[in-house]
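Worksheet: the structure to be examined is printed underneath.
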Amino acid sequence: PSSHAQSLGFLGVYFAAIMLLGHSIESAQGLGNLFVALVTYPYQVIAGIVAMALAVFMTWLRVHSGYHTVPQVVVGFSLGSIFALAWRQWVVPF
């Protein structure tokens, strides 16, 4: 798997999780009530979406540049995403 894609997956998902599930959005019950969060905290939601979009785009660039194949970046991004969610859930809970 691509270590670059793993790093991008971790950073993108972790930042998005902080923005979408952080302190202030917990009052809106996180992703369970994303519409309320979007209305109440639009900049945090937009920042989370932008972070994910940039991570996916930069991962796609690894394939487009010929450095990796699609399966390599998919596995790397997936591993990074899983570790980011695990880190957010168990190591640094908010």
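Not measured: the values here are computed from a predicted model.
- Considering only residues two or more places apart in sequence or on other chains, H4 meets the side chain to side chain contact (heavy atoms under 4.5 Å, CB included) condition with S2, R62, H68.
- Considering CG of L8 and OG of S3, their distance stands at 9.5 Å, rounded to 0.5 Å.
- Distance CG/L11 to CD/Q6: 10.5 Å, rounded to 0.5 Å.
- Closest approach of A5 and T59 over heavy atoms only: CB-CG2, 3.8 Å.
- Listed by chain and number, the hydrophobic cluster partners of M52 are V13, V56, F77, L85, where partners are ILVMFWY side chains within reach of under 4.5 Å, directly or through others.
- Under a 4.5 Å side-chain heavy-atom cut-off, the cluster of Ile, Leu, Val, Met, Phe, Trp and Tyr residues that includes I82 has no other member.
- Residue F10 is grouped with residue I18 when hydrophobic side chains (ILVMFWY) are merged at heavy-atom distances under 4.5 angstrom, including chains of intermediate members.
- For the pair P1 and G76, the tightest heavy-atom approach, listed with the atom from each and the gap, is CB-N, 3.8 Å.
- Not counting sequence neighbours, the partners of S78 by the side chain to side chain contact (heavy atoms under 4.5 Å, CB included) test are V74.
- For F15, the side chain to side chain contact (heavy atoms under 4.5 Å, CB included) test picks out M19, A47, A51, with sequence neighbours left out.
- In plain terms, the two heavy atoms of G48 and A16 that are nearest each other are O-CB, 3.6 Å.
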